[in-house]
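Keep in mind that what you see is a predicted model, and the values were worked out from it rather than measured. One-based numbering, in listed order, for ligands and for the atoms of each.
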Amino acid sequence: MSDVARKLIAVLIVVAGALLLWISKGFYTDAEDARNLTKDTVAAAREREASNDPRLKNSYKFERGGWAYVHLEGDPATIGFQHGYLLAPEIEDAFPAVSTGMMHSTKRDWPFFREMARVQLWPKLDPEYQQELEGIVEGLNARTGSPLDVYDIVALNAFEEVPDYYVPWLDKQEKKANAPNLKSPGNCSAFVATGSWTKDGQIVIAHNNWTSYMNGERWRIMFDIQPAQGYRILMDGFPGVIASDDDFGINSDGLMVTETTITQFEGWDPNGKPEFMRARKALQYAGSIDDYTRIMLDGNNGGYANDWLLGDRKTGEIAQLELGLKASKLWRTKDGAFAGSNWARDPKVLKLDTPQFDPNNMETSPNARRARWDQLLNENKGKIDVALAQGMLSDHVDTFQKKIEANERTLCGHVDNNARGVAVWTWGPYYPGGAVQGKATDSNMTKQMRLVARSGHPCGDNFQAKPFLAAHPEYAWQEPYLRDMNAGPWTVFGSGEPRGTN
Ligand SMILES: [Zn+2]
């Protein structure tokens, strides 16, 4: 008898038992109660059965400081199964929120995204990542019976690149009338520094993730991945997604990685490979800045175009890879600092890939934050360490108004605080978005595979959904998914944290 058949029979026996109990005792007079009991019994039996799956051996999950930490270990299919199983509740919570956001902004339905994932993204994925994604579906389904299939999960993995890069490109190709005004997102504030800029002369890297609160509230997974091939990874991430995607991660060969997106980037190459796969692959397999750059450029599709900030703790060298589609540029140094706040700076990238972006308008969020990074990094030259980095990620200085006010121009973003919104990203007035969590590490911590992270606004402020929605009914469509975003404490995480500690 096959495993599946055995499991099915086991479930049926439990169901039959429950029904017998119901009939014999006449305990439930209400048919609704009986149906719920049956459903609950089936679900409990399924979950019990799945929890005994040998593929879950060596994997585990615990909650700390507002983060869900998962340790995944094994071949690609096994890592995927563990991911899908351990994070099933988080995936089932995140999927409706993300897919609703994708459909709302693009005015496309979900079958459109599934079809795009099936026809265009899936065939371009390396087999090991196909296996991992199939594993996620299998683990998720084994635990909850979720109807989500692999194309739903691939579309979820592409939630940064398809709605804001592929769709506007497609709308243009199709000369679509009344196409929505879609702009590449402005995600994140980050820096990397080394040499005479830091306290110990080694690398310091830090990043806060800017996104809608609806998505950001769910961007609270700490992934410790021990793959059968490639380097060990510690990264923050999103339920059901194989890349960090915001991005912040380190690997066991000493690579330190983050990025901020390029504002007003335009372009898509339908022959390229999905960005989420290249980003995951680069973190898993790159042992140097050169390796990282090569993997990101191989099949560059233009999706989720970023300024990558990199460090190699083995050499103390840092780099900035401005990855446009028509142009790209790599800067590197063993004595300097690179910052990111969603602006491109290479003249060729500016001209060819971001034709609408104005680098001189100091009123906009990317340029105002760029000015603040310049001030902060220069003021603290020679003193920069992880503790200072945490403070920088929490900074509320608005360089345009020359005052302290948590808003869309501050390194710790609070776009919901005022009526300006961020036009260059098509974020409207009081858009519920901004900095949703922060992370930092340095060379020494990376050697020990450790980083420090805070869930929620890096400054520690809390966002409250109910009063916000009452004041801003234009965001009522987010009501089913938007919830309070309370900041956790700055919390240190390492690879192989003892399981079950809280
Ligand atoms: Zn703040």
Side-chain angles (χ1 to χ4, degrees), residues 65-67 185-191 204-220 236 246 248 258 260-261 263 339-343 363-377 379-380 384 386-422 425 427-440 451-468 471-472 475 482-491:
W67 295 86
N187 292 11
C188 317
S189 304
F191 80 88
V204 177
I205 189 167
H207 174 270
N208 67 34
N209 174 357
W210 284 52
T211 186
S212 67
Y213 295 153
M214 190 169 74
N215 288 352
E217 289 157 356
R218 294 161 168 90
W219 219 308
R220 51 167 216 99
D236 77 314
D246 62 333
F248 192 86
T258 194
T260 74
T261 53
T263 292
S341 55
N342 316 118
W343 39 271
E363 197 176 339
T364 66
S365 172
N367 297 326
R369 283 181 292 135
R370 178 182 188 172
R372 184 56 183 157
W373 272 136
D374 282 349
Q375 289 173 355
L376 267 180
L377 294 170
E379 280 168 14
N380 292 290
I384 298 169
V386 168
L388 262 183
Q390 289 168 224
M392 293 177 186
L393 296 179
S394 314
D395 187 78
H396 289 165
V397 171
D398 175 345
T399 54
F400 184 74
Q401 296 186 100
K402 298 190 172 42
K403 66 174 184 183
I404 293 175
E405 177 192 271
N407 63 35
E408 85 286 6
R409 297 191 194 102
T410 51
L411 293 176
C412 180
H414 297 251
V415 183
D416 53 307
N417 278 356
N418 69 70
R420 292 184 296 265
V422 184
W425 310 330
W427 282 14
Y430 302 104
Y431 185 86
V436 297
Q437 36 101 315
K439 294 85 44 189
L451 57 80
V452 63
R454 179 176 220 171
S455 62
H457 282 301
C459 62
D461 282 358
N462 297 327
F463 167 79
Q464 291 182 305
K466 218 171 174 179
F468 173 85
H472 306 290
Y475 295 106
L482 190 68
R483 55 188 180 220
D484 293 350
M485 186 174 75
N486 293 321
W490 283 101
T491 307

- Less than 4.0 Å between a side-chain N and a carboxylate O, is that true for D246 and K439? yes

- Task: Decide whether a cation-pi geometry holds between R370 and W343; the criteria are a distance under 6.0 Å from NZ or CZ to the six-membered ring centre and an angle within 45° of the ring axis.
- Result: yes

- Message: Are H414 and Y430 an aromatic pair, judged by ring center distance below 6.0 Å?
- Response: no

- Item | Residue-atom pairs from the protein, N, O or S only, that lie under 2.8 Å from the Zn ion (ligand 1) | H396 NE2, C412 SG, H414 NE2, C459 SG

- With sequence neighbours left out, write down each residue that passes side-chain hydrogen bond (donor to acceptor under 3.5 Å, both in side chains) with T364, or none if nothing qualifies. N367

- Message: A side-chain contact here means heavy atoms from C-beta on lying under 4.5 Å apart; do N187 and T260 qualify?
- Response: no

- Cationic tip of R454 above W67 ring, under 6.0 Å, 45° of axis: no

